[in-house]
Amino acid sequence: MYTLKTILEVVYSVGDMDKVKHFFCDYGGLKTVGNYESDKSVLSFWNLGEEVTATEKLIRFSDHEAGSLRLVKYNNVEQRYIRSSQNPWDTGGIMDINLRVPEVAKTFNEIRELGFHGLSDPLLQKMGPFELYDILMKGYDDIIIAFTHRVQPPLELPVGGKIPSHVYNSSLTVKNLQETQNFYVKQLGFTLLNEYEVKKDAPLENMFNIPMNMIESVTCKANIFSLDGSRDVMFQTCEFDGVVGKDFSELALPPNRGLLLYRCEVENIALYYQSLIEKGVIIYKEIQELMIEPYGKVNAFALRSPDGVWWEFLESTN
């Protein structure tokens, strides 16, 4: 038997390593686990030429390994932005990552001074069974980060640091919610945790920055998934019914800049790999041995979702 464990990392391709590190670590309080040179096996796995090099910085909250963030700075290669000048309703790639903060309004004011800007002012949201203060903010490399503070049910955060959170959730905007649900549940074997809709019944400001004269005609439908059935590290797929955006699916590839891919841990990866092949899942990069620090040698393969999201699955061979 195989076991799907968790999303270990979100890999973020950066333009300025020092600036991004300053935000997450010096401001936010996350810690640097290690600084690495990308191994040639990984660069080849990413379809990059011999002339390409990359430096990496793995950062996480405290000792929480799951939901880490790996910053990668590529050299000697042309890059494009994955989701250039994006709106939340644009499809393809990873739309945002979610981080918990003690006070959304305070975070909002502080990180505007660091070059971030909000798609709205902080708003109180109801999302399925949860009530939370939420703000989507555009940052470096045209990424979006959702900063949240859950009000109901109450959630006590660890003390210390401006961002006392791992990447506990992230969002993928998709063209067809049912198609992607089938992909993640029936094909990949992930767990569907929750389904919900968000719809405004008056022309109100909203966290997605949809014009107020349109918002009553737009419904955001969402599914929340995890690999292991827990809520420790989740992701959600969102379909915006009533508004059409750009499609960035073809750009969600290394070495382009922005939120690049997921790395997931699997126990008995060979059996999982074979089960996907038997289901007819298209494998983007066949299973092979890579060197990824700090894990050492791993067996890994990659596939892409219907909306172009790059998923890597790995198991240590040490």
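Residue numbers run from 1 in the order of the sequence given.
Nearest approach of V72 to S38, heavy atoms of both residues: CG1-OG, 4.4 Å. Scanning both residues, L58 and E9, for their nearest heavy atoms gives CD1-OE2, 3.8 Å. Closest approach of A300 and L290 over heavy atoms only: CB-CD1, 3.7 Å. Across all their heavy atoms, D18 and D16 have their closest contact at N-OD1, 3.2 Å. Closest of all the heavy-atom pairs between K126 and V198 is O-CG2, 4.1 Å. In terms of heavy-atom proximity, G308 sits nearest to A252 at O-CB, 3.5 Å.
F130 and V167 fall into different hydrophobic clusters, defined by Ile, Leu, Val, Met, Phe, Trp and Tyr side-chain heavy atoms under 4.5 Å apart, directly or through other members. Taking hydrophobic clusters as Ile, Leu, Val, Met, Phe, Trp and Tyr residues chained together by side-chain heavy-atom distances below 4.5 Å, Y168 does not share a cluster with L261. Residue Y12 is not grouped with residue I82 when hydrophobic side chains (ILVMFWY) are merged at heavy-atom distances under 4.5 angstrom, including chains of intermediate members. Residues W46 and M291 do not share a hydrophobic cluster, defined by chaining ILVMFWY side chains whose heavy atoms lie under 4.5 Å apart. Hydrophobic clustering keeps V298 apart from I283 (ILVMFWY residues linked when any side-chain heavy atoms are closer than 4.5 Å, directly or through intermediates).
In terms of modelled atom types and a separation under 3.5 Å, the side chain of S62 and the main chain of H64 share no donor-acceptor contact. Side-chain atoms of K246 do not come within 3.5 Å of backbone N or O of N87 as any donor-acceptor pair. A donor-acceptor pair under 3.5 Å is formed between the side chain of Q288 and the backbone N or O of E286. Of the possible polar contacts, one joining the K199 side chain to the E216 backbone as a donor-acceptor pair under 3.5 Å is found. Listed for the D39 side chain is a donor-acceptor partner under 3.5 Å among the backbone atoms of S41. R60 contributes no side-chain N or O that, together with a main-chain N or O of D63, makes up a donor-acceptor pair within less than 3.5 Å. Judged purely by atom type and a 3.5 angstrom limit, H22 has no side-chain atom pairing as donor or acceptor with the backbone of L114. Judged purely by atom type and a 3.5 angstrom limit, S44 has no side-chain atom pairing as donor or acceptor with the backbone of K40. Remark: the backbone N or O of N256 is paired with a side-chain donor or acceptor of S13 at under 3.5 angstrom.
Ring planes of Y27 and F23: parallel class, angle under 30° (limits at 30 and 60°). In this structure, F190 and Y184 have parallel ring planes: the angle between them is below the 30° cut-off, well short of the 60° mark. Classification of the F313-F301 ring pair by plane angle, with boundaries at 30° and 60°, yields parallel.
Two residues are said to be in side-chain contact when any heavy atoms from C-beta on lie closer than 4.5 Å; Y36 and R70 meet this criterion. The closest side-chain heavy-atom distance from T180 to D307 is below 4.5 Å. Considering only heavy atoms from C-beta on, Y74 comes within 4.5 Å of P254 through its side chain. Between W310 and Y284 the shortest side-chain heavy-atom distance falls below 4.5 Å. Side-chain contact between F61 and I163 is absent, with no heavy atoms from C-beta onward closer than 4.5 Å. Residues P88 and L119 are in side-chain contact: their nearest non-hydrogen atoms beyond the backbone lie under 4.5 Å apart. Contact check for T91 versus V174: no side-chain heavy atoms found under the 4.5 Å cut-off. Using a 4.5 Å heavy-atom threshold, the side chains of L276 and L188 count as touching.
For K5, the NZ atom is loosely surrounded, since the number of other residues' heavy atoms within 6.0 Å does not exceed 12. Taking a 6.0 Å sphere around CD of E289, one finds it holds more than 12 heavy atoms contributed by other residues, nucleotides or ligands. More than 12 heavy atoms of other residues, nucleotides or ligands shown are found within 6.0 angstrom of CD on Q274. The environment of CD in E131 is crowded: more than 12 heavy-atom neighbours from other residues, nucleotides or ligands sit within 6.0 Å. Around CD1 of I282, the count of heavy atoms belonging to other residues, nucleotides or ligands within 6.0 Å does not exceed 12. Remark: Y133 OH is loosely packed, at most 12 non-hydrogen atoms of other residues, nucleotides or ligands lying under 6.0 Å away. Residue E50 places its CD atom among 12 or fewer non-hydrogen atoms of other residues, nucleotides or ligands, all under 6.0 Å distant. For R80, the CZ atom counts as loosely surrounded, since its 6.0 Å shell holds 12 or fewer non-hydrogen atoms of other residues, nucleotides or ligands.
In this model, no donor atom of one side chain and acceptor atom of the other lie less than 3.5 Å apart for E315 and Y273. Checked by atom type, the side-chain pair S249/D247 shows a donor-acceptor distance below 3.5 Å. Side-chain atoms of T317 and N299 include no donor-acceptor pair closer than 3.5 Å. Checking D96 against S171 by side-chain atom types alone, a donor-acceptor pair falls below 3.5 Å. Side chains of E265 and Y295: a donor-acceptor N/O pair is absent below 3.5 angstrom, by distance only. When only modelled atom types and interatomic distance are considered, Q125 and D134 share no side-chain donor-acceptor pair under 3.5 Å.
Ion pairing of E312 with R263 is present here, as a side-chain N (NZ or NE/NH1/NH2) and a carboxylate O approach within less than 4.0 Å. Under the 4.0 Å criterion applied to side-chain N and carboxylate O atoms, R257 and D142 are not assigned as salt-bridge partners.
Atom CD1 of I269 and atom CD1 of I287 lie 4.5 Å apart (nearest 0.5 Å). For the atom pair CD of E179 and CG of L177, the computed distance is 10.5 Å after rounding to the nearest 0.5 Å. Rounded to the nearest 0.5 Å, atoms CZ (F235) and CG (L193) are 9.5 Å apart. Taking NE2 of H117 as the start and CD1 of I111 as the end, the distance is 11.0 Å to the nearest 0.5 Å. Taking OG of S84 as the start and CG of D90 as the end, the distance is 10.0 Å to the nearest 0.5 Å. Between atom CG of residue L157 and atom CZ of residue R100 there is a gap of 7.0 Å, rounded to the nearest 0.5 Å.
A centroid separation of 6.0 Å or more is found between the aromatic rings of W89 and F208.
Of the candidates I94, L260, L303, I94 is the only one forming a side chain to side chain contact (heavy atoms under 4.5 Å, CB included) with V309.
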Go through the steps to decide whether D228 and T6 satisfy the test side-chain hydrogen bond (donor to acceptor under 3.5 Å, both in side chains), and finish with yes or no.
CA-CA 6 Å; D228 62 355; T6 191; 5.1 Å; no

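At least one cation-pi condition fails for R83 and F248: the charged atom is not both under 6.0 angstrom from the six-membered ring centre and inside a 45 degree cone around its axis.
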